[in-house]
Amino acid sequence: MNPTTERVFQIFSELNQIPRPSHHEERVADYLCEFAERLHLPYKRDAENCVVISKPATPGHEGAEPVVLLNHMDMVCVGMSDPLNTPIEAYVEDGWMKARGTSLGADNGIGLSMALAVLESDEIVHGPMEVITTTNEEDGMSGASQLSEDFLKGRKVINLDSEDYDTITTGAAGACLQFHRIPMEHKPAPKGNWYCIRFDGGLGGHSGVDINKNRCSAVVAAHRLLSAISKEHDIDIASINIGEANASIASSAEMVVCIPSADGEVAKRCEDETNSWLHDRFAATDPDMRCTISGCEAQKTVVNREAFTALLSCIGQIPQGVVKMSETMKGTVETSNNIGRIMTEEGSIFVSTHTRSFIDGDMAALSHEIASVFAACGGNSETVMSAPAWQEDQQSTFLQLTSDTFQDVLGWRPRMVAMHFVLEAGFFVEHYPNIQIASIGPRIVEPHSTSERVELSTIDDIWRVLIELLRRMA
């Protein structure tokens with residue numbers, strides 16, 4: 001008899017007590033190594049804190065082709081003022097698991113919990129197995145990109161990082177994450193009226209999956225407001241902090257500005273006009289997004305005008321949202337770009353852009369164009385991650401076996417589609433010749449946001465598909 005998902009939920013609860021933002025996965029890697037040691041299973045941990053745990057085949061199935069379960073250990077931490085010290089408070093409501101005030105971490109914590117539950121079980125039939133968990137998938141994929149050629153032996157990979165329950169993901173867009181910096185100097189602040197401008201309540205979301213849903217990016221809203229003010233008034237900005245994560249549509253912003261000629265009446269008019277625009281344009285997608293402009297304490301310094309003007313110019317020239325829809329994949333975004341974060345740093349204004357495309361050449365061209373915009377304004381750009389697009393042969397025996405398993409276990413056949421999010425599969429194809437990958441997972445809605453939730457019944461269904469697929473592969 002197959003084990004239930006009870007242990008999956010227990011492991012997920014344990015993971016959610018371990019803070020795991022990108023670039024800070026050491027404690028999760030420790031947890032995985034301790035998990036392997038407790039089960040007396042061999043494991044390897046590399047310099048990037050990626051961990052692979054090996055498990056021998058179920059007795060009698062030693063001759064089966066090795067199978068790999070792939071997940072990542074980091075998550076996008078939204079709604080956390082201190083991600084390194086904020087555990088996730090999950091709860092269940094109307095058949096969904098959610099989190100109180102933060103992202104849930106179901107992306108990719110649920111898939112990882114399934115993989116660990118398989119390692120722990122003596123009842124699931126499988127061939128030789130490797131469970132690999134990578135780092136920094138959400139903010140650069142440095143873990144996958146740095147994997148050594150001998151870190152993994154298997155060539156049949158079940159990736160548990162998909163979010164569309166009725167789908168086998170057979171392809172993913174490539175992505176280029178760039179960090180741009182506009183040189184900045186601090187100048188003595190002028191005398192005048194000081195205001196804190198805030199945007200709150202945006203839905204935000206995944207900058208790949210949700211990019212075509214007409215959601216209001218706080219970057220777009222803030223740029224519109226600042227540009228409008230600067231046309232009528234002298235304005236200096238002391239600080240700017242927009243967005244929560246490089247891979248998310250910005251849902252909030254906070255800027256502290258000095259507008260010497262603007263009194264409370266002008267501020268109220270700007271606030272009302274902005275909220276009217278938000279309602280007219282985004283009432284259906286972001287009904288709770290609001291702008292507030294309130295008086296605040298004067299600051300000692302401001303950003304030099306040249307840097308502030310350059311920032312407005314760059315944002316105005318960079319495409320945001322869908323750039324092109326695919327001509328061959330109906331309803332699928334082919335190329336997009338998103339500005340994830342903007343913030344003042346010591347000596348510069350930081351801007352991150354996430355460019356995605358199924359056409360590697362188009363992605364490279366758009367990334368180069370964006371870098372050129374910053375260069376023309378005196379900025380510099382750094383490519384933090386460039387992940388290749390990935391596409392499987394949907395007629396392969398492996399993908400057909402996966403599809404047949406859905407049909408036999410759940411009574412329906414999943415779609416096979418390429419998705420406009422980025423998976424690590426492209427790096428695995430580069431590192432490991434002849435590798436084949438099928439990506440599946442439960443229904444996760446609104447990842448990378450405080451509205452992230454996972455449908456419980458789909459976890460049970462994917463679990464049943466997974467253990468039957470492992471049995472058939474053995």
Side-chain angles (χ1 to χ4, degrees), residues 5-56 68-90 97 99 102-122 129-148 150-154 157-161 245 247 385 424 427-428 431 441 447-448 452 454:
T5 53
E6 180 179 356
R7 183 56 180 147
V8 174
F9 291 118
Q10 290 173 348
I11 294 173
F12 183 58
S13 178
E14 293 173 9
L15 284 173
N16 274 356
Q17 302 310 304
I18 307 172
R20 55 187 195 279
S22 302
H23 309 284
H24 298 280
E25 302 97 338
E26 297 87 355
R27 282 178 280 181
V28 188
D30 290 344
Y31 171 85
L32 295 175
C33 294
E34 292 165 4
F35 195 96
E37 290 171 357
R38 178 173 60 81
L39 297 175
H40 306 290
L41 296 176
Y43 66 90
K44 292 185 289 186
R45 178 176 181 170
D46 69 9
E48 296 292 326
N49 282 314
C50 296
V51 176
V52 60
I53 304 172
S54 302
K55 184 181 180 183
V68 178
L69 300 185
L70 167 63
N71 294 279
H72 62 86
M73 64 182 81
D74 59 322
M75 64 173 283
V76 173
C77 297
V78 181
M80 301 178 187
S81 58
D82 183 9
L84 290 176
N85 294 287
T86 305
I88 296 164
E89 185 181 351
M97 183 182 292
T102 69
S103 44
L104 175 62
D107 173 15
N108 179 220
I110 287 292
L112 177 54
S113 299
M114 288 185 182
L116 296 179
V118 171
L119 285 178
E120 196 175 63
S121 173
D122 293 327
M129 177 182 296
E130 294 168 292
V131 169
I132 183 170
T133 314
T134 60
T135 53
N136 195 32
E137 190 271 352
E138 300 287 9
D139 194 38
M141 297 192 180
S142 56
S145 68
Q146 298 299 315
L147 289 173
S148 64
D150 60 353
F151 200 65
L152 198 66
K153 296 179 180 179
V157 178
I158 303 172
N159 182 25
L160 295 170
D161 190 22
M385 177 269 291
E424 299 164 297
F427 286 118
F428 278 78
H431 292 318
H448 300 191
E452 181 183 1
V454 57

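Start at 1 with the first residue, then count along the sequence.
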Compare all side-chain heavy atoms of [X] with those of [Y] and state whether any distance is below 4.5 angstrom.
{"X": "F35", "Y": "V131", "answer": "no"}
{"X": "L41", "Y": "P56", "answer": "yes"}
{"X": "P19", "Y": "R27", "answer": "yes"}
{"X": "F9", "Y": "M97", "answer": "yes"}
{"X": "L84", "Y": "P21", "answer": "yes"}
{"X": "E48", "Y": "N136", "answer": "no"}
{"X": "L32", "Y": "L112", "answer": "yes"}
{"X": "M114", "Y": "T5", "answer": "no"}

Got a donor-acceptor contact below 3.5 angstrom from the [X] side chain to the [Y] backbone?
{"X": "E452", "Y": "D107", "value": "yes"}
{"X": "S103", "Y": "V76", "value": "yes"}
{"X": "S22", "Y": "D74", "value": "no"}
{"X": "D82", "Y": "T86", "value": "no"}
{"X": "S113", "Y": "G109", "value": "yes"}
{"X": "K55", "Y": "M129", "value": "no"}
{"X": "R20", "Y": "L15", "value": "yes"}
{"X": "S145", "Y": "M141", "value": "yes"}

Using every non-hydrogen atom in the two residues, find where [X] and [Y] come nearest and quote the distance to one decimal.
{"X": "K44", "Y": "D150", "result": "NZ-O, 3.0 Å"}
{"X": "I88", "Y": "Q17", "result": "O-NE2, 3.7 Å"}
{"X": "N108", "Y": "L160", "result": "ND2-O, 2.9 Å"}
{"X": "G105", "Y": "F12", "result": "O-CE1, 3.5 Å"}
{"X": "G154", "Y": "E130", "result": "N-OE1, 2.7 Å"}
{"X": "C33", "Y": "R45", "result": "SG-CD, 3.8 Å"}

Atom pair [atom1]/[atom2] of [X] and [Y] - distance to nearest 0.5 Å:
{"X": "T102", "Y": "M80", "atom1": "OG1", "atom2": "CE", "value": "4.0 Å"}
{"X": "T134", "Y": "F428", "atom1": "OG1", "atom2": "CZ", "value": "6.0 Å"}
{"X": "H23", "Y": "E138", "atom1": "NE2", "atom2": "CD", "value": "10.5 Å"}
{"X": "L116", "Y": "Y31", "atom1": "CG", "atom2": "OH", "value": "6.0 Å"}
{"X": "L70", "Y": "E424", "atom1": "CG", "atom2": "CD", "value": "5.5 Å"}
{"X": "N71", "Y": "D161", "atom1": "CG", "atom2": "CG", "value": "7.0 Å"}

With E120, which residues qualify under salt bridge (charged side-chain N to carboxylate O under 4.0 Å, His left out), at least two apart?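 Counting only residues at least two positions away or on another chain, E120 forms a salt bridge (charged side-chain N to carboxylate O under 4.0 Å, His left out) with R7, R38.
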Stepwise side chain to side chain donor-acceptor pair (under 3.5 Å) check, E25 with H72: CA-CA 10 Å; E25 302 97 338; H72 62 86; over 6 Å; no
Side chain to side chain contact (heavy atoms under 4.5 Å, CB included) between F427 and Q146, intermediate numbers included: CA-CA 9 Å; F427 286 118; Q146 298 299 315; over 6 Å; no
Heavy atoms of other groups near E6 CD, more than 12 under 6.0 Å: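 No - once you tally the heavy atoms of other residues, nucleotides and ligands closer than 6.0 Å, there are 12 at most.
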